[in-house]
Amino acid sequence: MPQSRKIIIDTDPGQDDAVAILLALGSSELEIVGITAVAGNVPLKLTEKNARKICELAGRPDIKVYAGAIRPLARELVTAEEVHGKTGLNGPQLPEPTMPLQEQYAVDFIVETLMREESGTITLCPLGPLTNIALALIREPRIAPRIKEIVLMGGGFFEGGNVTPAAEFNIYVDPQAADVVFKSGIPIVMMPLDVTHKALTTAKRTKAFRELGTRVGTATAEMLEFFERFDEEKYGTDGGPLHDPCVIAYLIKPELFRGRRCNVSVETTSELTMGMTVIDWWGVTKREKNAMVMRDIDHDAFFALLVERLGRLN
C-alpha cells in the first residue's frame, strides 16, 4: 500500500473548511500531521474551536489542533459572519469540543514540524488567510525548500472577486501574507474562484450527504444548506460554491482539475484592488511562473468523491 501523504491543514472554519477537513479525515491517502487555525471567516477563538468540533464529529479527537494568528500581518481583521453565521459553523447543532487545544503556537508547530520531518515530505494546505504560513516563513526562512508543496484555496481572476470587485476573501483578509507566500519560491497549486465557482452544491448533491444516514452526512447537509443560502441569493444559482474541499480533492485525485502554470502577483498597495491576485494567464509578462492555477473541475466526480469519503466516517 502506498505511503500516505503528510499534510498540515491551515484553516478558518467555515462550513466549506469543515467539509474539507472531513474529506481529509475520510481519506487514507492523507495523514493529517496537525490542523492550525487562523483568524478569517470568524475570529480565532471560534476557528480553533470549530476545527476541534469537526474532528470530534468525525470521531477523530486524536488530531492535534493549534491556534495561530489572531489578526493579519498589517491590516485589521475582516470576517464573514454574514456568510458563515455568528459561530462560523451555523447549521447543525454541534456540541462544544472536549478534545484539548494544543498549547503550542501554530506558527511554532509549523516551523518545528517542517524542520524535524524529512525535507519534501510535508504539504501545506491553507484554506483561509495565509497569515500563519507567512509568519512561519518570516520566522524561519529555511523551511521554504523543505515544503513539498502548498495547495491553497484563494484568489480569482476571470471570475473577479467575492468580497470586493477585485479580491477573493482569503487573499483580501491578509494580502501582505499572500504576497510573502507567492514570492517564497515554494511550489504552489492555487484553487481560485475560477474553479471553485464551478463546484456548486445543488439541492441534489446536498441531499446525497443527508442520505448517508450518518451524523457526518446529516451535519454536512445542514452546514451546506445554511452556507449556500448567501451565494444562491448573490449569484442566482442552485447551490453555492464549495471552495475549500477542492484543495483536499486535488491531493487525492489531481486528475479532477485542469489549469496551467502562471505568474501570480498580489496587490498590496491599492485600496481599490487590494488583495487582487493578478494572474498572468496568457503569459504577457516576463515574470516567473510561480503557481499552478486551476480553472476547470470535473464537478460530478468531485461531489461523488466527497460523498464516498464522508460516507467512510462514523
* Trace of the side-chain hydrogen bond (donor to acceptor under 3.5 Å, both in side chains) decision for H84 with N41 -> CA-CA 7 Å; H84 300 276; N41 286 322; 3.1 Å; yes
* salt bridge (charged side-chain N to carboxylate O under 4.0 Å, His left out) evaluation trace for E48 with R52 -> CA-CA 7 Å; E48 57 89 351; R52 290 184 289 141; 2.9 Å; yes
* Asked: Can you find a heavy atom in the side chain of R205 that is under 4.5 Å from one in the side chain of F302?
  -> no
* Do V65 and Q102 have side-chain heavy atoms sitting under 4.5 Å apart? -> no
* Are the charged groups of K198 and D296 less than 4.0 angstrom apart, N to O? -> yes
* Evaluate the side-chain proximity of E149 to I186: yes if any heavy-atom separation is below 4.5 Å, no if none is. => no
* To do: Indicate, with yes or no, if F169 and M274 share a hydrophobic cluster defined by side-chain heavy-atom contacts under 4.5 Å among Ile, Leu, Val, Met, Phe, Trp and Tyr.
  => yes
* Looking only at atom types and distance, does a side-chain atom of N132 sit under 3.5 Å from a main-chain N or O of A69, one as donor and one as acceptor? -> yes
* Same apolar cluster (I L V M F W Y, side chains within < 4.5 Å links), I9/L124 -> no
* Asked: Within the side chain of E31, is there an N or O that forms a donor-acceptor pair under 3.5 Å with the backbone of K6?
  -> no
* Does atom CD of E103 have more than 12 heavy-atom neighbours from other groups under 6.0 Å away? -> no
* Asked: Does atom CZ of R258 have more than 12 heavy-atom neighbours, drawn from other residues, nucleotides or ligands, at distances under 6.0 Å?
  -> no
* **SB check R146 E118 (cutoff 4.0 Å)** => no
* To do: Find out if a path of hydrophobic residues (ILVMFWY) with successive side-chain heavy-atom gaps under 4.5 Å connects V38 to V33.
  => no
* To do: Answer with yes or no whether the hydrophobic clustering places W281 together with V284; edges join I, L, V, M, F, W, Y residues whose side-chain heavy atoms lie under 4.5 Å apart.
  => yes
* To do: Please determine if E29 and R5 form a salt bridge, counting it only when a charged side-chain N lies under 4.0 Å from a carboxylate O.
  => no
* pair E159-P192: side-chain heavy atoms closer than 4.5 Å -> no
* Tell me, do L251 and T123 make a side-chain contact under 4.5 Å, heavy atoms counted? -> yes
* **E140 and R142 ion-paired at < 4.0 Å** => yes
* Asked: Under 4.5 Å between side-chain heavy atoms, hopping through other hydrophobics if needed: is there a path connecting L22 to L94?
  -> yes
* Going by heavy atoms in the side chains, are C246 and F257 under 4.5 Å from each other? -> yes
* Under 4.0 Å between a Lys/Arg side-chain N and an Asp/Glu carboxylate O for D280 and K289? -> no
* To do: Could you check if a side-chain atom of M153 sits within less than 4.5 angstrom of a side-chain atom of M190, using non-hydrogen atoms only?
  => no
